[in-house]
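Below you'll find the structure, written out as structure tokens, and then a few comments.
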Protein chains: 4
Amino acid sequence: MSPKVGMEPIRRKQVIEAAKACMLSKGFDHFSIKDVAEKAQLSTGVIYHYFKNKQDLYVHVLKDSFGETELMVREAVTKENSYRDKFSAYLEVVAAVPEDNPDFYIILLNYLAQSPYNDDVKQIISKFLINLQGFIEDILQHGVNEGRLTPLEQKTISQMITSQAMGLAFQGMLLPQEERSSVLKDEFIRIFKQYVD
Amino acid sequence: MSPKVGMEPIRRKQVIEAAKACMLSKGFDHFSIKDVAEKAQLSTGVIYHYFKNKQDLYVHVLKDSFGETELMVREAVTKENSYRDKFSAYLEVVAAVPEDNPDFYIILLNYLAQSPYNDDVKQIISKFLINLQGFIEDILQHGVNEGRLTPLEQKTISQMITSQAMGLAFQGMLLPQEERSSVLKDEFIRIFKQYVD
Amino acid sequence: MSPKVGMEPIRRKQVIEAAKACMLSKGFDHFSIKDVAEKAQLSTGVIYHYFKNKQDLYVHVLKDSFGETELMVREAVTKENSYRDKFSAYLEVVAAVPEDNPDFYIILLNYLAQSPYNDDVKQIISKFLINLQGFIEDILQHGVNEGRLTPLEQKTISQMITSQAMGLAFQGMLLPQEERSSVLKDEFIRIFKQYVD
Amino acid sequence: MSPKVGMEPIRRKQVIEAAKACMLSKGFDHFSIKDVAEKAQLSTGVIYHYFKNKQDLYVHVLKDSFGETELMVREAVTKENSYRDKFSAYLEVVAAVPEDNPDFYIILLNYLAQSPYNDDVKQIISKFLINLQGFIEDILQHGVNEGRLTPLEQKTISQMITSQAMGLAFQGMLLPQEERSSVLKDEFIRIFKQYVD
DNA sequence: CATGAATGAGATTTCATTCAT
DNA sequence: CATGAATGAAATCTCATTCAT
């Protein structure tokens, strides 16, 4: 393979994807850089060319995962026009993540568990959550402007939604639910739709 | 220095507490048996006298944590007489765990993250969650008997409650909320109380 | 169990048998004192009451094994009257050890392997071999006295016999032979019987 | 200090030789990987770069030892032309191993002792013995073809030879024999030469 | 840019031995 | 006599990271 210039973004993505795969298959803390290198069909050395160290790689895996999910949500919401539809779309897309991208919550869970011991990780997840809640707050801003909602309620609703979604996803990893999961998803949507009616 | 007979229960508890402390201060998988031994002021060898291996210790830390929390919930619920009061008590005590025993959710979070890779852990957490949901299902059984609730709703409610509680607790670790946490707690109780009215 | 006096020989034998069993089931160097204690249904502590240390126990297991085998040979030989019959009986009994007491050669083999690094063991095995060869030398002494055999031949024969027996036994552990083993046994007896004819 | 590419065969041989030396000086199972690393002037880590684990290293030491000895025998035999000379050469070279390569039988003895507990080792030694017996069987095939020998005798002779050689070698480790060893060697050759006369 | 050999600290686990009771 | 709790050294093995090529 001839060395090429401009490989940086390609290699970085290649390594991040391999790391993500290793993390999912072996467990968050149970894969080695050698595992990643093998998965990515690269040498161990090259990983250290593109990432400062393992911690740095961890951070980039997290950013990558969050980026994808945030994009999904953003697209679903901006596609709609009315506030009511935006709100519904948000609930739908958030409730669908565990099915559409089951790995996402495994990744999130693992990083969440690290967050008390790692401030970088904590900041990144917090920012992600805040962004996610920002979508609903924007949607609900309408109601606030019209006086139907207080700013406190606006914030509370957005936080109740994300935490319920997170909780359901984590619970779903443990309890085999099959048909139940759609019941729960519907109930999730039903509960929070009340707020815009 | 002073070997005695019948040390087993004392030492086991001592080691479990030390392990829990290490886990909380360093994070799951980031503490060593040596750390636990030092914390417990014992030699490393003695840990293996009472626990088969590190995995076995992990499992007992988890069981110990769950035992305490389950007991708290059970006591709160059985203290009340009417179904309505039992339900309220349940919501109150569950919502209070993050304040009353903040370590509990850190422990839970860490083990939850391991659950996809460790079936023992998965089983224990699942059982804990099911037990916890069992409390509400028992309370709601009244409503089912009277025809006010379907069994499906009974199950759905119990699962919505535990997942929302879990989600709020995890979110609370990230976002500094102070006064917000009580708002969220109240909203949590308000939402789910609807079901018994 | 009430402590008794005069337990020494009983306990020692009990421990030696347990150690032998552990050695055979787990491998020479792969059993612990705890294993022996469990097998003997005793505490680890008592073993150190009756044996100085593990090495001492090893030595006594060896002596015990050799004692049994030497006794078997002695009995077989002394039972016979004529030199010719004694010689035959010796060959028969020596050739029969792998069948009659298959453990013996596993024990011998393991100690033999230790002998270059442990002078005690080396002395004990050497003495055993010399004793065993002594039987034939005694039998052949008759031939020497009558001038049919030189003392050199007498010694050579005895050594050829023990080494051939040992070699066949070890080989028999590796190569599954079934019917072959009796052919080899017969050939072994045939070859060495030549010497007294 | 100086990582290079293509070190694999060099390092493997280096580690195998160091392990062999450690085994000979300390005894099978009584040397540590650290001992090997020090002997080879390498870090412990590098041993695990080239060998999966200690067991894997054991196996390669054995294969290496057997390879050398088998080569010696093969060369001695193929050098001769007549079957009678080949047979003599075989007996001579086999009888000479304890003098020419005294380490060989110490290695063999140690592994032999492990064979009841380790199937890999058992297979390797068995194969070696069978190969060694194959040489004589090939030589004696001539006699079988001419009807002077039955296939049963052919196999029996080859097994008697290898077992006697093995037995003499092991006995020679214990009993200091000096001049005796040549007497025994001559007798060994004499006994088995009978078969081709 | 890329390789993979090398390091060495550190983790888990075992176990002979001691000794208070 | 007997117990089994306790010690702590030592063994195996892993792995992030570096660096000569």
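Values in this document were obtained by computation on a predicted structure and should not be read as measured data. Labels below follow one simple rule: chain letters A, B, ... track the order of the sequence lines, proteins then strands, and each chain is numbered from 1.
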Candidate pair B:Phe28 and A:Asp29, rule side chain to side chain contact (heavy atoms under 4.5 Å, CB included), full reasoning:
CA-CA 10 Å; B:Phe28 193 96; A:Asp29 257 328; over 6 Å; no

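Contact annotation: A:Lys54 reaches the phosphate of F:dA16 (side-chain N/O to OP1 or OP2, under 4.0 Å). In terms of phosphate contacts, A:Tyr50 brings no side-chain nitrogen or oxygen within less than 4.0 Å of OP1 or OP2 of E:dC1. In terms of phosphate contacts, A:Tyr48 brings a side-chain nitrogen or oxygen within less than 4.0 Å of OP1 or OP2 of F:dT17. Distances shown here put a side-chain N or O of B:His49 below 4.0 Å from the OP1 or OP2 atom of F:dA5.
In this structure, CZ of A:Phe51 is placed 16 Å from C1' of E:dA2, rounded to the nearest angstrom. Between B:Asp35 atom CG and E:dT12 atom P the separation is 8 Å, expressed in whole Å. Atom CD1 of A:Ile33 is separated from atom C1' of E:dG4 by 15 Å (rounded to the nearest Å).
For A:Asn118, the side chain to side chain contact (heavy atoms under 4.5 Å, CB included) test picks out A:Gln55, A:Asp120, A:Val121, with sequence neighbours left out.
Note that the CZ atom of D:Phe51 and the CD1 atom of D:Ile16 stand 4.0 Å from one another [nearest 0.5 Å].
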Side-chain polar contacts of residues 33-40 of chain B - donor-acceptor pairs under 3.5 angstrom, sequence neighbours left out - could you list them?
unit_1, atom_1, unit_2, atom_2, d
B:Asp35, OD2, B:Lys26, NZ, 3.2
B:Asp35, OD2, B:Ser32, N, 2.8
B:Asp35, OD2, B:Ser32, OG, 3.3

5'-to-3' dot-bracket of DNA chain E (Watson-Crick, G-U; under 3.5 angstrom; crossing pairs as [ ]; | other strand):
.||||||||||||||||||||

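Salt bridge absent: D:Lys20 and D:Asp103 never bring a charged side-chain N and a carboxylate O closer than 4.0 Å.
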